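Structure, as structure tokens:
Computed from a prediction, not measured in an experiment: that's the story for all the values here.
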Amino acid sequence: MILHDAVVKLREAGEDMGTEDGDLMYQYLPDNHVCQFSRGKCMGCEFGGRISEVSTPEPFSACMRLENIYGAPLKSPKTRAAALGALSAAAGFLMLNRKTGPCNSVYFEDCRAELIEFCSGKAVYIIGEDIAGIAQTLMPEEAELVLINGEAFFEDSQLEEIEEVLALGKEVMLIGQNCHGLSALMHLPLWCPYGV
């Protein structure tokens, strides 16, 4: 699974640096907004002074070591949210990615318009919630480009779809705040032009 692969790459990137002993601090941030392409509530994850924000259906507050993510089964939405937060915050700490949070909501309209323009004329398949204004193919096999919303990582059936399109060798692009660390570690393009 792509999340497991990204966690392995994070572990390799931080090897012999003592990062596994660092604390991950998770905090539910009910007043913070989330990416327009995401659902759920905002949860912050702090590692080494870097704070990432992810949207999740099950936000929580907790403290654990980074090494707890290594080898974790990631079978529930809660553990997947923990992994996505850790990937962004720890990759940010290791200077593998600059962005760790969503854009200011004043950029939502521009971001959506630019994404629609980018996808114009392409056969697009979306894993996750549909995006108004983007025409989709019915099957991923027909797609030139597969967009993967960050919310897709919480649904087993959508995770299976992600694995299928990766196995097909389709061009994929991740979307939104949940994918900052994942994008950096897996070397996959990310649509988040105004993220911070």
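- The backbone N or O of Ser55 lies less than 3.5 Å from a partner atom in the side chain of Asn178, making a donor-acceptor pair.
- The shortest non-hydrogen separation linking His180 to Cys192 is NE2-SG, 3.2 Å.
- Applying the ring-ring contact (aromatic ring centres under 6.0 Å, His included) definition to pairs two or more places apart or across chains, those involving residues 52-78 are Tyr26-Phe60.
- One N or O on the side chain of Ser52 and one on the backbone of Gly85 form a donor-acceptor pair closer than 3.5 Å.
- In this structure, the separation between CD1 on Ile126 and CD1 on Ile134 is 5.0 Å, given to the nearest 0.5 Å.
- Under 3.5 Å, the side chains of Asn32 and Glu53 contain a donor-acceptor pair of N or O atoms.
- The aromatic ring centroids of Trp191 and Phe37 lie 6.0 Å or more from each other.
- Side-chain heavy atoms closer than 4.5 Å link hydrophobic residues (I, L, V, M, F, W, Y) into clusters, and following such links, even through other members, never connects Ile131 to Val165.
- Counting non-hydrogen atoms of neighbouring residues, nucleotides and ligands closer than 6.0 angstrom, the NZ atom of Lys99 exceeds 12 such neighbours.
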Steps toward side chain to side chain contact (heavy atoms under 4.5 Å, CB included) verdict (Leu159, Met1): CA-CA 8 Å; Leu159 272 173; Met1 175 171 60; 3.5 Å; yes

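- Look at Arg80 and Asp156 and you find a salt bridge, because one of the NZ, NE, NH1 or NH2 atoms lies within 4.0 Å of a carboxylate O, short of that distance.
- In terms of heavy-atom proximity, Ala86 sits nearest to Leu66 at CB-CD1, 4.2 Å.
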For a side chain to side chain contact (heavy atoms under 4.5 Å, CB included) check, start with the C-alpha distance between Asn104 and Tyr194, then their side-chain angles and the critical distance, and finish with the verdict. CA-CA 8 Å; Asn104 187 305; Tyr194 300 102; over 6 Å; no

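- Under the 4.5 Å side-chain heavy-atom criterion for Ile, Leu, Val, Met, Phe, Trp and Tyr, Leu182 and Ile148 are members of the same hydrophobic cluster.
- Distance check: Lys170 NZ to Leu166 CG gives 12.0 Å after rounding to the nearest 0.5 Å.
- For Met173, the CE atom counts as densely surrounded, since its 6.0 Å shell holds more than 12 non-hydrogen atoms of other residues, nucleotides or ligands.
- A salt bridge is defined here as a Lys NZ or Arg NE, NH1 or NH2 lying under 4.0 Å from an Asp or Glu carboxylate O, and Glu129 with Arg39 meets this definition.
- Side-chain atoms of Glu151 do not come within 3.5 Å of backbone N or O of Gly128 as any donor-acceptor pair.
- Side-chain contact between Ile162 and Phe153: present, with at least one pair of heavy atoms (C-beta onward) separated by less than 4.5 Å.
- Remark: the backbone N or O of Gln158 is not paired with any side-chain donor or acceptor of Glu155 at under 3.5 angstrom.
- The closest side-chain heavy-atom distance from Met43 to Leu29 is not below 4.5 Å.
- In the hydrophobic clustering of ILVMFWY residues, with side-chain heavy atoms under 4.5 Å counting as a link, Phe108 and Ile116 come out apart.
- Put simply, CD1 on Ile2 and CG on Leu174 are 6.0 Å apart, with the number rounded to the nearest 0.5 Å.
- Of all heavy-atom pairs spanning Val196 and Pro102, the tightest one is CG2-O, 3.3 Å.
- The NZ atom of Lys9 lies 12.0 Å from the CG atom of Leu87; values are rounded to the nearest 0.5 Å.
- You'll find the side chain of Leu94 reaches within 4.5 Å of the side chain of Met17, heavy atoms only.
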Please assess Leu84 against Leu3 for the test side chain to side chain contact (heavy atoms under 4.5 Å, CB included), listing each intermediate value before the final yes or no. CA-CA 8 Å; Leu84 288 166; Leu3 282 178; 3.6 Å; yes

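- One hydrophobic cluster holds both Leu96 and Leu190 under the rule that ILVMFWY side chains link at heavy-atom gaps under 4.5 Å.
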Show, in sequence, the C-alpha distance, side-chain angles and deciding distance for Arg65 and Asp23, and conclude whether the side chain to side chain contact (heavy atoms under 4.5 Å, CB included) test is met. CA-CA 4 Å; Arg65 288 184 164 201; Asp23 287 332; 3.9 Å; yes

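- Remark: Glu171 engages Leu145 in a side chain to side chain contact (heavy atoms under 4.5 Å, CB included) (not counting sequence neighbours).
- Between Pro59 and Lys41, the shortest heavy-atom distance links the atoms CG-CB, 3.7 Å.
- Interatomic distance, CG of Leu10 versus CG of Asp5, reported as 12.5 Å (0.5 Å rounding).
- Within 6.0 Å of OH in Tyr28 there are more than 12 heavy atoms belonging to other residues, nucleotides or ligands.
- Side-chain atoms of Glu161 and Tyr125 include a donor-acceptor pair closer than 3.5 Å.
- By the criterion of side-chain heavy atoms lying less than 4.5 angstrom apart, applied directly or through intervening Ile, Leu, Val, Met, Phe, Trp or Tyr residues, Leu115 is not grouped with Val146; the two fall into different hydrophobic clusters.
- The two residues Ala89 and Cys45 make their nearest non-hydrogen contact at CB-O, 3.5 Å.
- Of the inter-residue distances, the one linking Ile127 atom CD1 with Gln136 atom CD reads 10.0 Å to the nearest 0.5 angstrom.
- A donor-acceptor contact closer than 3.5 angstrom is absent between the side chains of Tyr107 and Gln36.
- Considering every non-hydrogen atom in both Leu185 and Ala91, the closest pair reads CD1-CB, 4.3 Å.
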